[in-house]
Each structure stands twice: as C-alpha cells, then as structure tokens.
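As the structure lists them, so they are numbered: ligands from 1, and atoms in each ligand from 1.
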Amino acid sequence: MPKPSSILIEDAIVVTVDRSRRVIEGGSVLVEDGRIAEILGPASRASARRAELKVSARGMALIPGLIDTHLHLAQSLLRGCADDLSLVEWLKERVWPMQGSFTKEDGRVSAELSMLEMIKSGTTSFVGVDVVSRYGFDGIARAVTKAGMRAALAKTIMDSPGYGSKGSIMPAGLVEEKEDCIREAKSMIKKWNGIDGGLVRTWVAPRSLGGCSRELYEEVSELAAEQHARVTMHLAEVREDVKYAKQNFGMTPFEFIEEVGLAGPRSLFAHMVWLSDSDVTRVGKTKSNVAHCPSSNLKLASGIPRIPELLMAGANVALGCDGAPCNNSHDMVREIKLAAVIQKGRLLDPLTMPATTVLEMATVRGARAMGMESDVGSIEVGKKADLVLVDLKKPHLTPYRDIVSNIVYSAMGSDVDTVMVDGRFLLREGKALTLDEAAIMGQAQKSQDELISRSGVKA
Ligand SMILES: [Zn+2]
C-alpha cells in the first residue's frame, strides 16, 4: 500500500508520554513524511484540511509504539516445546538442540512469526538478541524490512560452548568460532546498519558468562567502540552466573563486565536478577541499560530483579518479552502489567512501580535503551510517527477515569487496532498489512513439526 504523505489521526485520547506526560482528550495528531508534524487539541481543526488521509480514532487511545528491548526471534518456532524446566536444563534439553537444527528458512519463518505477533499487539521497535549464523542474518534482516518494524539485530559472539560453570553443553549446531563471529558481525554491520532509513540497526551480542573468554569480552568492547555498535547480553540472570563469576574472576558478574569495559550507556543487559547492593549502585552510576523481562524471570524461576532500586540508582530500565518458550508470548501490554504488579508484591508496597513508570519503561525508556530517544518513544512534534491505537470500546476497558491506569492494568495486546511505524501503517483495524498472517501461521506449524523430528527433541 503506498504511504500517504500526510495522515491525520483524529479525535483520540492522546497519551503522549512527553516530558510533562500530557494526556489530550479529543486530540489529533498530524503525520507528515513519516514524522509527527502537529499535535492538536479538540478545538483546533485547522490542519485537518491539509491531510491526505484522515483516520477517525474516536473511542481509542493513541499511544507511542511499544518497544521490546529483549527478544529471541528464533525462539518463536519453539513455542510450547520447553515448559516447566529450569534455565540450564531448558537450554540444554530443549531450546539449544532445536535451535541448533534450524535452517535459514526456519530463521526467517520464526522472525516473521515474532514480528506478526508484535505488530498485532502494539510493538513497533525491538532488540533481537542472539542472532547466530545458522538462522541466516540476511534473511532475518530482509524480513524486518518487509514487515516495516524498527529493529536492532544483535549478532552472537562466542568462543566457548558453555553456560556458566557448565562447560560444553551447547550442541554442535550452535557452536561458532570466535573469528567467524567477529568477521560476520563486522560484515553485517557494514551491510545492514542504518538500512531502510535507519529501521534496521546492527548490534553485537556476546554470550552470557561461560560463553566467552575474558579476552573475547575485551575484544567485543573494542569492536563495539570501533564499529559504533551497541552491545547487548544476558547478565546475572540466575544464581549460576554469580557462582561462575566468583569462581573464575573473584567478583560479581556486573563487576566483571565493568572491568572488561562493557558497562555504560551503550550497553543493554537483560535480566540483572542477581545483583549485589553495590552492583545496583554501579549499574546506575555507569548509566547502563537494563532489559527487564518479568514473565521470563518468573516462568524460569530465575528470581525477581530489584527494578525500583535500579531506577532509584539512575539505571535506565526498559522491558522485554524474551522468548516464546520462556514467556510464552510477545505481548508487551501484558508484560507492562506484570512489571508493575510483581514489584508491589515483592516489596509489599502498592505505591511502588506506579502505572506511569511502567508505561515509560515500555516507551521512552525503551527508546533510550536502543539509543533512539530523540526519534521515538513518545508522541512529540518532530519525532518519527511510531504510533499505536488501542480500542477502548471493550467491557474490560470501561469505564475509564485515568487512561494510563486502564492501559497498564486492564488492556491486552489484542486491544490494539492500528499500528504505524515511520508513518506507514503495519496494522489497520486489527489486520496485518505488511505480513501474510495465514501463510506465516501455517508455515510456522509445519516448520515446528519438522524441527522437532530433525532435532530429536521429545517435546
Ligand atoms: Zn533472553
């Protein structure tokens, strides 16, 4: 569908998540050439005349596109195949053997399925972590440009097939040589970084502790600086990580990561469940970013990270859905609610993690974690038009008094009606426009059946 040069989204409840956190009842947003050109109150209709296309949004909330900062594209084909196991067994018995049997076609199908689900539930940007060579980086990057999402794709870097102190547990199909990882990371950065008007970015993803040597982490730090690439990795997810760092380096996982030069505002660490008090302070001091994945932490029984404490320390905390076998969905709307309620329960304090804070984590803080805060994350004039309409005409969203409360505590991803990225519609009235929904779902079922028989996993 050709992209109209100007679109007016009329008569919505506009939840801006701007600096003053304005909510405009009966507001309209004019989009021109992919950016937000004007935000209008109910009284001003002057700009309506110049819009090529008008979209009535009465009875809907217009929110910034949601940002998922930690997602495994390749795991969507594994949905339902790895439940009720602890992290290391989950990886060793199910996830890795299946991922180690992927073809490049599986990599593409899994990425398309992930993006279809994200688009249908209001996610516009994401960080796709752990892209290994056998999933086919090129095919995945092409799928992102076809879907029209904004994505950071992070190439896996490794030189050991272990996890923590459990050495050599990775199947041969997933093991890569260090030199190949570095070479591919460089070539993918050169080929894809900034492609499609900046929609695709290329990052590097060193494996979690036990998957890289100290020298390799140091090399990744230098590589990221030299290539101007951002870094993401799993850190301090389970107690095993703390044990491994203490035994091998005599320090905590975060202290080690700081020592090898990887802490800082250009790094995004997933989970961060097992941090010492001093780690929490250091994460804030170094302005490191955290991808908090509450569903995954609970389902894999990893623990509950100290998110309010990290925010107090000055860390930038965003949200992530992680993978289909540990969540098991990519619905950020559900993740927002969980992020709020688990901390209230942990601290026995209903005032902690208010609705506004968790909505910020899914929008502006996500944008900062991706290094895109000047372009996306809020509805402000000049920013890119990454916008989502939530249909409020539902029993579970009625009545409303505080729209942010209804979105955080009552909404579901399936309430999303329309999604736009860069001023281009990816979803209208719940229907995907850039991806073939029926074809992707049919292919995904077939691919999973084949993957199970090829990998020999008893799922
Ligand atoms: Zn993960």
Decide, counting backbone as well as side-chain atoms, whether His72 has an N, O or S atom less than 2.8 Å from the Zn ion (ligand 1).
yes
Of all the N, O or S atoms in Asp322, which has the shortest distance to the Zn ion (ligand 1)?
OD1
Less than 4.0 Å between a side-chain N and a carboxylate O, is that true for Glu255 and Arg282?
no
Does Glu89 come within less than 4.0 Å of Arg94, counting only side-chain N to carboxylate O?
no
Out of Arg150, Lys384, Arg35, Lys383, which one pairs with Asp375 under the side-chain hydrogen bond (donor to acceptor under 3.5 Å, both in side chains) rule?
Arg35
Considering only N, O or S atoms, which atom of His234 is nearest to the Zn ion (ligand 1)?
NE2
Below 4.0 angstrom, N of the basic side chain to O of the carboxylate: do Asp180 and Arg183 qualify?
yes
Taking both backbone and side-chain atoms into account, decide whether Cys293 has an N/O/S atom under 2.8 Å from the Zn ion (ligand 1).
no
